[in-house]
Enquirer: 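Have a look at the structure that comes next, please.
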Amino acid sequence: MRKPPAILHRLLMGDLLRLLAVTTVALVAVIAFAGALKPLADGRLTLDQALRFMGYLIVPMTQFALPFAAGFAATLTYHRFAADNEAMASAAAGLGHKSVLTPALVLGVSLSLFLGVMSFQLIPPLLRDAQRVLVTDGTRVLASQLNRGEAVRLRFGGSDAIDLYADVAFPAQAPEPGSDAERRGVDRIITLEGVLVVDAKSEEGAPTYASAERVFLLIYEEGDASSVELILENPRITIDGAGGRAESQRLFTERMSLPSEIADDPKFLTWAQMSEAERTPRIMNKTDRNARVLEARLVERDSVTLVETMFAQSRSISFVVDALGEGATPERVRVEAGGMLYDPVAPTVDPSLTGEEAERAERRARRERIDRWALAPDEETGFVRVVRTLPEGNRLTHLAKRAALKLPIERPGANEGVTRFRLELEDVVTLEGAPDPPYALTGSEPSAAELNTSSMLPEGLTGVTYAGEPVTLLIEQARDQAWKEHPLTPRIRSVMRSLRDRVDEQNREIASKRHERLAFSAACLVMVLVGACVAMNLRDSLPLPVYLWSFLPALGTIISISAGQRLVHREGAIGFILLWGGVAALSALLLRAYARLRRH
């Protein structure tokens, strides 16, 4: 049995490795510098941060540079080998093409395996570290963006979002020791002045927005996915051009997510983390945000149902006023009424509108609807009776001709298992103490203005909490509720569909990223062999045209993989044809080049 030509193999492998090292270093340096250039020019990185950022990008950029560098090394090495008639001499010595191409095959297989391990294990953590350099001081970047007059988009769950503008954003400060903010887990506070908050989903025409002289941003740092709450002081809310003061001097929003790609993009996940994300979709920030919205909708439905039941049974219910930061003793409110009837408040749709304008107006009306339940006066007294027990122990009784319970616009999270309500009273007579009927109303004039309480929690009401439940179980529970007759079920159906679509999209994106990495690894092997075979077939041509014959098909393969990844993300399995089609086409070119080489 003939021994392998070890000297020839060492010669070819040495040339391959030298060219591979030089080419890879050059390409990686250029790509890493280009990647750091834009953040540095935008002011998102200082000079030392830019150098660190480039250092983190060196290994990830190898994923793109290595296949081309390997193909270039194989092309030049085997073109010189053939042009110097060494290939002809090897054939005369009885060495076949398979033996001559063995170094290229060994290098290609080694690089393919190395690239596969690196893309699934080494590159994702380094990409995460590089991204963290960009958001090391996210609050500083946020304040800088606002001070430049740019908008910051903050997202609730699903597609709901607001655009935040401010005249001045002061540097972030830590909460004072022992303050209410510190007890709530707030990490930093940014104070804004001259603030405008715009509904990002406002249609053309009169937008929905809120303005305030001062706003506090409460920052909660939660690993890679930070969130924020807004406190608007003396806000003025405008809906469809109709403005008015808010119902309280301070308006609290629900928690929103700060812009961050780290917790949302599968490119930062290793193979094991991708598998975990497929089993537990909520580890991804966007999916968890949608799930929390569905949790809140289910909690609203359960809380409202329980309140309706209690009114039907006893014609009364007690609430505890949410007095966070206002003292240890909360205010208690007891509401007595003759019944409870759903009576929502929504913007009026102009009947003269037609076509797309009418559809936009109807969508806006549905989105901005305020869920409200009218309370019927007691048949005997003709009033809705509200007894308030103040924190200091004093009692006040409000007798109202008209009253309503409504869900506030700012929706809390679902971790409490109950929903806050707001009480709205009109034509109110206020009495000292808690007298029983009949009431002595001589000399008492009803108040023309509305009397609104703060957000209230039903006292002693322990609802079902859905916080942290798996997505499949959450969707199953929502499906059970989604087709029952209730005013809140349309919103449950909408959010359930949104969560289901988000999970499907996430799984498609994970599959697309996984196959993209595998395809890059496979393409690296094929590109090395294509370069070697094409170079030996075109030994009489100049090196540059020879390399172009292998480079252009390789470039087409990379473009096909990237385009296929995006198609899989959008459309699903049909995109795999494009993703792997480029590798298949390059493999066909390899077989054709090798067949021609064997004939000659």
Enquirer: Without swapping roles, check the side chain of S494 against the backbone of P490 for a donor-acceptor pair under 3.5 Å.
Expert: no
Enquirer: May I ask you to say whether E278 pairs ionically with R514, meaning some side-chain N is under 4.0 Å from a carboxylate O?
Expert: yes
Enquirer: Report yes or no: does R517 contribute a side-chain atom to a donor-acceptor pair with the main-chain N or O of K267 at less than 3.5 Å?
Expert: yes
Enquirer: Ignoring hydrogens and angles, tell me if any N or O in the side chain of R301 forms a donor-acceptor pair with the backbone of L488 under 3.5 Å.
Expert: no
Enquirer: Looking just at side-chain N and O atoms, do T287 and R282 make a donor-acceptor pair shorter than 3.5 Å?
Expert: no
Enquirer: Under 4.5 Å between any side-chain heavy atoms of H398 and V429, yes or no?
Expert: no
Enquirer: Taking NZ, NE, NH1 and NH2 as the nitrogens, is one of them in D501 or R497 under 4.0 Å from a carboxylate oxygen of the other?
Expert: no
Enquirer: For residues R500 and R479, report the shortest heavy-atom separation together with the two atoms involved.
Expert: NH1-NH2, 4.2 Å
Enquirer: Give a yes or no on whether the backbone of P344 and the side-chain of R372 come within a donor-acceptor separation of less than 3.5 Å.
Expert: no
Enquirer: Look at the side chain of Q273 and the backbone N and O of T270, then say whether any donor-acceptor pair between them is shorter than 3.5 Å.
Expert: yes
Enquirer: Which atom pair, heavy atoms only, marks the closest approach of I317 to P458?
Expert: CD1-CB, 4.4 Å
Enquirer: Flag the pair R402 and D427 as a salt bridge only when some basic side-chain nitrogen lies within less than 4.0 angstrom of an acidic carboxylate oxygen.
Expert: yes
Enquirer: Do other residues, nucleotides or ligands put more than 12 heavy atoms under 6.0 Å from E193 CD?
Expert: yes
Enquirer: Can Q506 and K286 be said to form a side chain to side chain contact (heavy atoms under 4.5 Å, CB included), step by step?
Expert: CA-CA 9 Å; Q506 176 178 305; K286 289 181 181 178; over 6 Å; no
Enquirer: Indicate the atoms forming the closest heavy-atom contact of H569 with E505, along with that distance.
Expert: NE2-OE2, 3.4 Å
Enquirer: Of V386, L423, L425, which meets side chain to side chain contact (heavy atoms under 4.5 Å, CB included) against L375?
Expert: L423
Enquirer: Is the side chain of S562 donor-acceptor paired with the backbone N or O of I559 at a distance under 3.5 Å, no angle test?
Expert: no
Enquirer: Are the side chains of Q477 and M496 in touch, meaning some heavy atoms are under 4.5 Å apart?
Expert: no
Enquirer: Can the positive tip of K401 be found less than 6.0 Å from the middle of the six-membered ring of F383, inside 45° of the ring normal?
Expert: yes
Enquirer: Does a side-chain heavy-atom distance below 4.5 Å link R315 with E336?
Expert: no
Enquirer: Compare every heavy atom of F520 with every heavy atom of I561, then report the nearest pair and how far apart it is.
Expert: CD1-N, 4.1 Å
Enquirer: Measure up the H515 and W580 rings against each other and bin them: parallel (under 30°), tilted (30 to 60°), perpendicular (over 60°).
Expert: perpendicular
Enquirer: Taking all heavy atoms of F576 and all of V568, pick out the closest pair and write down the distance.
Expert: N-CG2, 3.5 Å
Enquirer: Looking only at heavy atoms, which two atoms of L269 and P124 are closest? And how far apart?
Expert: O-CG, 3.4 Å
Enquirer: Would you call E300 and R297 a salt bridge, taking side-chain N to carboxylate O under 4.0 Å as the test?
Expert: yes
Enquirer: Would you say L164 and L217 make side-chain contact, with heavy atoms under 4.5 Å?
Expert: yes
Enquirer: Any luck finding a side-chain donor-acceptor pair between R566 and S512 under 3.5 Å?
Expert: no
Enquirer: State, with a plain yes or no, whether a side-chain heavy atom of F319 is found less than 4.5 Å away from one of V335.
Expert: yes
Enquirer: Do R214 and L192 have side chains that get closer than 4.5 Å, going by heavy atoms?
Expert: no
Enquirer: Hey, mind stepping through S316 and R334 against side chain to side chain donor-acceptor pair (under 3.5 Å) and telling me if it holds?
Expert: CA-CA 7 Å; S316 66; R334 181 174 178 81; 2.8 Å; yes
Enquirer: Quick one: are D378 and T381 in side-chain contact, heavy atoms under 4.5 Å?
Expert: yes
